[in-house]
Amino acid sequence: MDDLRDQAEVKDAFPPASELWQIPGIAAAVVIFLIAAYIARSPLETPLSEPADYEALLIAYHADDMLVAAQSAERYLARHQGSDNEPMARYIFASSRWSLIKSDPAAVTKDLFVCLESLNMALMAGISSAYEASALKAKGDILMRLELPNDALDAYTALVDRFPEQRLGHL
């Protein structure tokens with residue numbers, strides 16, 4: 001009788017044959033989960049990712065979505081340092097951040113310096129002249145906000161010297 005009881009316990013330890021079909025599905029799900037976790041931890045970089053990131057950045061900026069443009073520029077700069085489009089990405093980052101904080105009287109000085117630094121880097125690296133005038137004006141405005149009128153005057157003077165056809169009110 002004890003032998004029958006031992007055999008019954010052994011049989012109960014294994015799942016019935018009708019449920020064994022689930023094991024390959026569970027194993028496949030575990031493998032897919034592990035692959036997804038690996039990809040999420042270290043995303044694949046394709047050669048097209050830099051142009052695609054830059055295109056997304058331009059779309060957000062030209063759509064006047066300054067929050068998304070600032071976030072896209074920050075992400076682009078983190079991923080693609082040293083790219084040919086870095087000066088423009090720096091300009092978009094600074095310009096969109098400045099647009100977000102210029103109407104806020106309680107803007108943090110640190111944010112203003114971040115914008116100023118990014119504008120300076122974009123201007124030194126050489127952004128296109130279509131954006132250079134706007135960058136110089138933003139630089140002057142930020143310096144005025146930081147209560148640095150002499151430095152702001154230098155930025156405005158550079159703007160007028162470089163773009164004599166532009167008037168400050170029309171930038």
Side-chain angles (χ1 to χ4, degrees), residues 1-132 134-135 138-139 141-142 145-146:
M1 181 104 170
D2 287 333
D3 290 335
L4 288 175
R5 196 174 296 158
D6 290 340
Q7 287 177 354
E9 288 177 13
V10 170
K11 285 184 182 180
D12 290 341
F14 292 105
S18 63
E19 295 179 15
L20 292 178
W21 65 271
Q22 296 175 357
I23 292 174
I26 293 170
V30 169
V31 169
I32 290 171
F33 172 77
L34 292 173
I35 291 171
Y38 174 77
I39 290 172
R41 198 170 129 241
S42 55
L44 301 174
E45 290 289 330
T46 64
L48 297 177
S49 64
E50 191 274 334
D53 285 349
Y54 185 66
E55 188 66 28
L57 169 62
L58 291 178
I59 289 170
Y61 180 70
H62 291 300
D64 289 330
D65 190 344
M66 293 302 132
L67 179 60
V68 173
Q71 292 169 340
S72 295
E74 191 170 24
R75 186 173 34 256
Y76 181 88
L77 291 169
R79 289 181 183 172
H80 309 291
Q81 288 182 347
S83 76
D84 293 339
N85 297 317
E86 183 177 350
M88 187 61 184
R90 289 200 178 280
Y91 165 75
I92 290 173
F93 175 74
S95 177
S96 55
R97 291 267 314 249
W98 172 237
S99 292
L100 292 170
I101 64 174
K102 70 181 169 183
S103 61
D104 181 9
V108 180
T109 303
K110 177 185 170 192
D111 289 338
L112 295 171
F113 277 112
V114 167
C115 290
L116 186 61
E117 178 185 358
S118 189
L119 280 174
N120 285 333
M121 292 174 81
L123 288 165
M124 285 190 296
I127 57 175
S128 70
S129 60
Y131 297 100
E132 187 178 357
S134 175
K139 180 179 175 178
D141 293 346
I142 292 169
R145 181 82 171 264
L146 290 169

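Only heavy atoms go into these numbers, but all of them, side chains included; no hydrogens, no water, no symmetry mates.
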Could you grab the distance from atom [atom1] of [X] to atom [atom2] of [Y], nearest 0.5 Å is fine?
X: Ile92; Y: Tyr54; atom1: CD1; atom2: OH; answer: 5.5 Å
X: Ser96; Y: Gln71; atom1: OG; atom2: CD; answer: 9.5 Å
X: Ser72; Y: Glu55; atom1: OG; atom2: CD; answer: 11.5 Å
X: Trp98; Y: Ser134; atom1: CH2; atom2: OG; answer: 11.5 Å

Asn120: partners by side chain to side chain donor-acceptor pair (under 3.5 Å), with sequence neighbours left out:
Lys139

By side chain to side chain donor-acceptor pair (under 3.5 Å) - contacts of Glu132 (at least two apart)
Arg162

Looking at residues at least two apart in the chain, or sitting in another chain, which of them share a side chain to side chain contact (heavy atoms under 4.5 Å, CB included) with Ile32?
none

Ser83: what forms a side chain to side chain contact (heavy atoms under 4.5 Å, CB included) with it, not counting sequence neighbours?
Glu50, Tyr76, His80, Asn85, Glu86

Charged N-O contact under 4.0 Å between Asp141 and Lys102:
no

Any non-hydrogen side-chain atom of Tyr131 less than 4.5 Å from a side-chain atom of Ser95?
no

Please examine the side chains of Met121 and Phe93, heavy atoms only from C-beta on, and report whether any two atoms are closer than 4.5 Å.
no

Check: residues 109-118 side-chain donor-acceptor pairs under 3.5 Å, at least two apart:
from: Asp111; atom 1: OD1; to: Arg97; atom 2: NH2; distance (Å): 2.9
from: Ser118; atom 1: OG; to: Arg90; atom 2: O; distance (Å): 2.8

Of all heavy-atom pairs between Leu57 and Ala69, which one has the smallest distance, and what is that distance?
CD1-O, 3.6 Å

